[in-house]
*Asks:* 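Can you read through this structure? Questions will come right after.
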Amino acid sequence: MATHSNSRCSPRAWVIGIIVTICVIIPIISLIAAYTANQRKEDTHIWKGQGTTQNLQDIVLGRCYNYVTMNPGIGKKNCDAIWQALTGAVYKKNPCNITQEDYKPLADLALQTIPCNKTLLWSKTNSLVHRYTKASQDLLTLEDTFLGSMFDSLMWCGMSYSSEMNYDSCPAWNECDNNAISAFWKMASATFAKASCGVVNVMLNGSADGGVARKESILRTVEVPSMNVNAVSEVRLWIIDDLEGPDKNSCDTESAVELKDYIEQHKLPFSCIDNYRPVQLLQCIETPDLPACKLCKS
Ligand SMILES: *[C@@H]1O[C@H](CO)[C@@H](O)[C@H](O)[C@H]1NC(C)=O
Ligand SMILES: *[C@@H]1O[C@H](CO)[C@@H](O)[C@H](O)[C@H]1NC(C)=O
Ligand SMILES: *[C@@H]1O[C@H](CO)[C@@H](O)[C@H](O)[C@H]1NC(C)=O
C-alpha cells in the first residue's frame, strides 16, 4: 500500500519544506549572522589607548636574545616560548578581562634570581631612576630585569574572537581594571618584589604633587604587599628633590611618614634618606653650577 510520504514531491512535502525553512533554517542563519556580526563589532571596538606596538614580535624576540647574550648568568631561556606565552595570555580574550594569572606561564619562562640588596623600586621618578641604574650598574629596576626589559615601553592587546594582536587600539592603563597592560605590569612587579631580598631601595620624588606614592600606586598596592618578610631586611626610601626644587616631600613630611606606617604594617623594617648623594651627583651632570652640586659645601 503506497503512502503519500513515499513520493518526494508530494504537495505535503513541499509545505513541510517551506515551514522548516521559515521556522528553522532562516532563524538559525540569522542567529549565526547576528552572532558573527556581534563578534566583529566587539573586535573592532575602539579603546582609548594606543594599539599594539608595530613589529612587537620582532622587538620582543630581539630584546630576549639580546638580554640572554649580554647576561649569560641568567641561563637558558626559550625566546620563542616566551612569545607564545604572551600570545597565550591575550589571544581570544577581551583585553579588559586579562588577569595576572593569565601571565603566569610567561613569568615562569622568564624566571630570574635577583641577588640580595640589588632591588631598586620607584614611583614618579621614571627617567632619573633608569639613568641611575645605567650609571651605577649595582642596582636593578624592574625594567632592568629580563622580564621587564623585554616589555618596557611596549603596548599590546588581543581581541575577543581572533588569534592576533589588535594594532588599532588597546585599553588605556585606567580604562578598565583588568586590562592586558596593567595586568602584565602588576604581575611583573609582584614577581620582582617577591624575588627581592636584603635591602630594598625605593627612589621617590620629593618635588611631586600629591605625596611620594599614591594610594593606588603599584608600590603600595602590589610591591610592598608582595615582599617576603623573611627575606627583606629593610625597605630604604630615597626621597629625591629636583635640584631647583620645590621641596614638597621629605623623610619627615606627611606622605613619607604615612608610607613608613604602611611599610611597617607589613612587618618590614624601614629607613629613609633625603636627597641620596650619588643620585644628586647624577642630577648635577646637567647643571654642575647649582649650589647643591658643589663638591665642598661650606
Ligand atoms: C573573562 O575571562 C574569564 C576567564 O578567562 C571568562 O570565564 C569570562 O567569561 C570572561 N568574561 C568576559 C566578560 O569576557
Ligand atoms: C646587604 O646589605 C646589608 C646591609 O647593608 C649587609 O649587611 C648584607 O651583608 C648585604 N648582603 C649582601 C648579600 O650583600
Ligand atoms: C618629580 O616630579 C616633578 C613634578 O611632577 C617633575 O617635574 C620631575 O620631573 C620629577 N622628578 C623626577 C626625578 O622624575
Side-chain angles (χ1 to χ4, degrees), residues 52-53 55-91 93 98-122 126 129-158 163 165 180-203 218-219 222-236 268:
T52 300
T53 309
N55 307 309
L56 181 74
Q57 182 173 2
D58 290 338
I59 296 173
V60 170
L61 288 176
R63 287 179 174 184
C64 181
Y65 288 121
N66 185 53
Y67 196 99
V68 170
T69 306
M70 305 304 279
N71 303 273
I74 192 169
K76 259 190 124 43
K77 295 290 173 194
N78 183 338
C79 295
D80 286 314
I82 284 173
W83 171 257
Q84 292 305 327
L86 178 73
T87 65
V90 298
Y91 280 1
K93 290 190 196 141
I98 309 292
T99 61
Q100 294 186 45
E101 200 56 32
D102 291 331
Y103 286 112
K104 178 82 171 28
L106 176 58
D108 290 345
L109 289 167
L111 195 69
Q112 180 177 25
T113 319
I114 309 294
C116 289
N117 297 352
K118 292 281 186 195
T119 298
L120 177 57
L121 308 178
W122 56 275
N126 189 351
V129 77
H130 297 119
R131 279 165 57 207
Y132 181 78
T133 56
K134 282 193 183 67
S136 88
Q137 303 271 317
D138 68 332
L139 295 178
L140 290 173
T141 63
L142 173 58
E143 294 75 16
D144 299 309
T145 65
F146 180 48
L147 185 60
S149 70
M150 280 190 287
F151 296 99
D152 188 18
S153 305
L154 302 179
M155 193 73 185
W156 67 88
C157 67
S163 289
M165 295 292 177
I181 296 293
S182 67
F184 171 82
W185 286 108
K186 284 175 188 166
M187 175 281 301
S189 305
T191 307
F192 185 45
K194 241 177 241 155
S196 297
C197 55
V199 179
V200 172
N201 300 287
V202 188
M203 190 192 287
I218 296 267
L219 177 66
V222 179
E223 289 168 337
V224 169
S226 299
M227 284 179 207
N228 177 351
V229 292
N230 298 314
V232 172
S233 60
E234 182 183 321
V235 178
R236 185 180 294 166
L268 296 158

*Asks:* Hey, are the side chains of V68 and K76 touching, using non-hydrogen atoms and a 4.5 Å cut-off?
*Replies:* no
*Asks:* Look up atom NZ in K93 and atom OG in S163, then write down how far apart they are to the nearest 0.5 Å.
*Replies:* 11.0 Å
*Asks:* Evaluate the criterion side-chain contact (heavy atoms from CB on, under 4.5 Å) for residue pair M203 and L121; output intermediate values, then yes/no.
*Replies:* CA-CA 6 Å; M203 190 192 287; L121 308 178; over 6 Å; no
*Asks:* Ignoring hydrogens and geometry, is there a side-chain-to-backbone donor-acceptor pair from N71 to G73 under 3.5 Å?
*Replies:* no
*Asks:* Pairing donors with acceptors under 3.5 angstrom, does anything connect the side chains of D144 and T141?
*Replies:* yes
*Asks:* Please report the closest heavy-atom contact between P115 and C197, naming both atoms and the distance.
*Replies:* C-SG, 4.2 Å
*Asks:* Would you give the length of the straight line joining atom CZ of F151 to atom CG of L86, rounded to the nearest 0.5 angstrom?
*Replies:* 4.5 Å
*Asks:* I need the N66 CG to M150 CE distance, nearest 0.5 Å.
*Replies:* 11.5 Å
*Asks:* Does the Y103 side chain pair with the main chain of W185, one donor and one acceptor, at a distance under 3.5 Å?
*Replies:* no
*Asks:* Can you tell me how far CZ of F192 sits from CD1 of I218, rounded to the nearest 0.5 angstrom?
*Replies:* 13.0 Å
*Asks:* Compare every heavy atom of C64 with every heavy atom of I82, then report the nearest pair and how far apart it is.
*Replies:* CD1-SG, 4.1 Å
*Asks:* Hey, what's the ring geometry for F146 with Y67, parallel, tilted or perpendicular (30° and 60° as the breaks)?
*Replies:* tilted
*Asks:* Considering non-hydrogen atoms only, spot the tightest contact between A183 and T99 and give its length.
*Replies:* CB-C, 4.0 Å
*Asks:* Please report the interatomic distance CG(N117) to CD(E234), rounded to the nearest 0.5 Å.
*Replies:* 9.0 Å
*Asks:* So which heavy atom on S189 is nearest to which on L142, and how close?
*Replies:* OG-CD2, 3.6 Å
*Asks:* Out of curiosity, Q100 CD to T191 OG1, how far, rounded to the nearest 0.5 Å?
*Replies:* 8.0 Å
*Asks:* Checking side-chain hydrogen bond (donor to acceptor under 3.5 Å, both in side chains) for the pair D152/S149: CA distance, chi angles, key distance, verdict?
*Replies:* CA-CA 5 Å; D152 188 18; S149 70; over 6 Å; no
*Asks:* Are any non-hydrogen side-chain atoms of V235 and V224 less than 4.5 angstrom apart?
*Replies:* no
*Asks:* For a side-chain contact (heavy atoms from CB on, under 4.5 Å) check, start with the C-alpha distance between T119 and E223, then their side-chain angles and the critical distance, and finish with the verdict.
*Replies:* CA-CA 11 Å; T119 298; E223 289 168 337; over 6 Å; no
*Asks:* State, to 0.1 Å, how close A85 and L109 come at their nearest heavy-atom pair, and which atoms those are.
*Replies:* CB-CD1, 3.8 Å
*Asks:* Would D80 and Q84 satisfy side-chain contact (heavy atoms from CB on, under 4.5 Å), going step by step from the backbone distance to the final call?
*Replies:* CA-CA 6 Å; D80 286 314; Q84 292 305 327; 5.5 Å; no
*Asks:* Hey, does the side chain of T53 reach the backbone of L56 with a donor-acceptor pair shorter than 3.5 angstrom?
*Replies:* no
*Asks:* Hey, does M187 have a side-chain heavy atom less than 4.5 Å from the side chain of L147?
*Replies:* yes
*Asks:* Flag the pair W156 / V60 as yes when at least one side-chain heavy-atom distance between them is below 4.5 Å, and no otherwise.
*Replies:* no
*Asks:* For V199, does its backbone N or O pair with a side-chain atom of R236 as donor and acceptor, under 3.5 Å?
*Replies:* no
*Asks:* Indicate yes or no for a side-chain donor-acceptor contact from T52 to the backbone of C157 under 3.5 Å, with no hydrogens or angles considered.
*Replies:* yes
